[in-house]
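Below: one structure, written as structure tokens.
These numbers come from the heavy atoms of this one structure, side chains and all, not from hydrogens, waters or symmetry mates. Throughout, protein chains are lettered first and strands after them, A, B, ... in sequence-line order, and every chain is numbered starting at 1.
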Number of protein chains: 2
Amino acid sequence: MASSNKTPTINDVARAAGVSKKTVSRVINRSALLKQDTRKKVEAVIAELGYVPNPQARALALRRNFLLGLLHDNPNAQTVLNFQEGVLDAIRDTEFALVVRPVDRHSPKMLEDIRHFLEQQRLYGVLILPPISENDELAALCREMGCGYVRMGSAPLDDEEHIVASNDREMVESAVDYLVESGHRRIGIIKGPEGFRSALERSEGFMAAMRKHGLAVPAELVAQGTYRFESGLDAAGQLLDREQRPTAIFCSNDEMAAGALHAARQRKVSVPADLSIIGFDDSPIAAHIWPPLTTVGWPIREMAKAAALKLVAPADERAQDYIFPARLVQRQSVAPPPDKF
Amino acid sequence: MASSNKTPTINDVARAAGVSKKTVSRVINRSALLKQDTRKKVEAVIAELGYVPNPQARALALRRNFLLGLLHDNPNAQTVLNFQEGVLDAIRDTEFALVVRPVDRHSPKMLEDIRHFLEQQRLYGVLILPPISENDELAALCREMGCGYVRMGSAPLDDEEHIVASNDREMVESAVDYLVESGHRRIGIIKGPEGFRSALERSEGFMAAMRKHGLAVPAELVAQGTYRFESGLDAAGQLLDREQRPTAIFCSNDEMAAGALHAARQRKVSVPADLSIIGFDDSPIAAHIWPPLTTVGWPIREMAKAAALKLVAPADERAQDYIFPARLVQRQSVAPPPDKF
DNA sequence: TTGTACGCGTTATCAT
DNA sequence: ATGATAACGCGTACAA
């Protein structure tokens, strides 16, 4: 018989169905103007033969492929992976696939590397994770190359169709509200690294909230971190070694909060009895340290899904959102301040 | 002039260089039989025009693309991400790209989904992470579909060219050796979930080591976990509530070890003074909990790199290794047992 | 509503 | 050592 063991092509389907390949093509692409009979017949043959359109050939003919890229230089593995899952949620049962591309934001050749990557792979579009999503040159590069892009950020730093953002600033404000309601007045902050928009948003949110409550933030209550565990350890150490130490510390991410917890333990400062700590991210570590960390969680997966939809189905109503509310996750690292304060 | 603003094709290069496109193709593909002059000339034109071959067209003509797939259903984000980095190390500066595909091993449609994925994307090959890498049906599917594959596992469960494996069993033995040298005799184990090869390897390594040292492992020293934090909490709780509790616990992964640490803290059992704990994986959490966890680390990134090379450059000497030694990472969760024992 | 002829950018065959 | 021509599998213009 005619059927070989090779995978069937559109021609095989056309021949078996007794139609032209254009008709098959129309069926695949859901063209409106097709007789029901024809459609049914072709669909039956497709099912029978187990025909799957060749994406490479489609890509060639359509002059665009069906690959979404994920550009990231994110130190937080869980964030990246959750984002990947979210993108997959969006492109499941479509012909799109996700190709990942970790980059090195410290490399002077970063933009050049990415340019080469985009040229070579001719991606349908790219999703960009913080912190490199904050790089405006990168966004400009995408535009220049005609590559769709959506950035993920902690503030709306691009047009609606090019951004999914969390409301970090607001959320830090509610975190501070919560500390103040618990009775804290002397609240310290461990900032994230300079040059990170998220770090800026979080520290400005903190300052705004303190101002709102009429609370002072002297320099001795402010410490600089790098988002890494060790920096949290150091920075919290400084704060706790002040003559009058804070009764609560807001840490700009969970990893530093974990470091702060260590610093407290080393100094026999009990959390949350003597010191309250709030983190940011709701990463897995938050639930797995002691005491379980009260933190701010943001809906990465939903954001990723929306970001991918902005690229592959811009008209979809689920692709319209661009600000995603974070929420306070209350666990056990916050309590009222000790009596003496 | 002739040059439009579109990206140049092989035809443009051929015309500009005054050769046929086949010659250009030969230059790209490093054909041996080419006059040096011609090669130089063409290469100059390629550089000048900024020509980049279109991978979709190549894929179509060659009947295979340059996409590597990563199939995973791994609960550990850092493991997956490290693996991705390792693969990227291998394919950097090549035309290959990495597409990721999380799968759901509990879904009855898993194999069917993967089949559809492979049919549709026509991948060059796939890398498979544990635990689904232990699924022999999946490997058979890859073979059937003519898709290259390399599995990552905790034991050599396939041919050399299809596996990269760590030596979990041996490593657990040295972990136990270390505990015994520190003076421990009553050593408990929290096993990983049944059906996981890694869990089996680790628990058998444990049993073998204990036997070697002439140490008994009564049922009361064995607890069952699921690799999740909560299960470590529960399982360690059981062990610690025995009439005669162990002085050391080997946990089959770090996440459960973190849970065990919590269980100890809840019972005012001090680690490592009253109880020693060893984990497995050397995941980030190991360094970020208190006390920092002594654990077994394996070279994921190197394994990933080797796995990818097995697919894209099987002749490369770096692609020949298939067993990768893990090593004991000593931190602060192990000490000699308390005196009364 | 459906079919014919051709183009997408590359590689392979077989000449020369 | 190099070139003409035909694939590869699909989409589109235009005709029927």
For a quick check, tell me whether the side chain of [X] and the base of [N] share a donor-acceptor pair closer than 3.5 Å.
X: Lys21(A); N: dG11(D); result: yes
X: Lys22(B); N: dA4(D); result: no
X: Arg26(B); N: dG3(D); result: yes

For dG3(C), does OP1 or OP2 lie under 4.0 Å from any side-chain N or O of Ser20(A)?
-> yes

At 4.0 Å (heavy atoms only), tell me whether [X] reaches a base, stays on the sugar-phosphate, or touches nothing.
X: Val19(B); value: sugar-phosphate
X: Ile10(B); value: base
X: Pro53(A); value: sugar-phosphate

In terms of the nearest nucleotide of DNA chain C, which residue is placed more toward the 5' end: Ser25(B) or Ala57(A)?
-> Ala57(A)

Side chain proximity check, Val87(A) to Phe96(A), heavy atoms < 4.5 angstrom | no

Heavy-atom side-chain proximity of Leu157(B) to Arg197(B) below 4.5 angstrom | yes

Atom CD in Gln84(A), atom NE2 in His72(A): separation rounded to 0.5 Å?
-> 6.0 Å

What integer distance in Å separates Leu60(A):CG from dT12(D):P?
-> 13 Å

Cation over ring face, Arg64(A) and Tyr124(A), 6.0 Å, 45° = no

Just compare dT11(C), dC10(D), dT2(D) and give me whichever is closest to any side-chain atom of Leu34(B).
-> dT2(D)

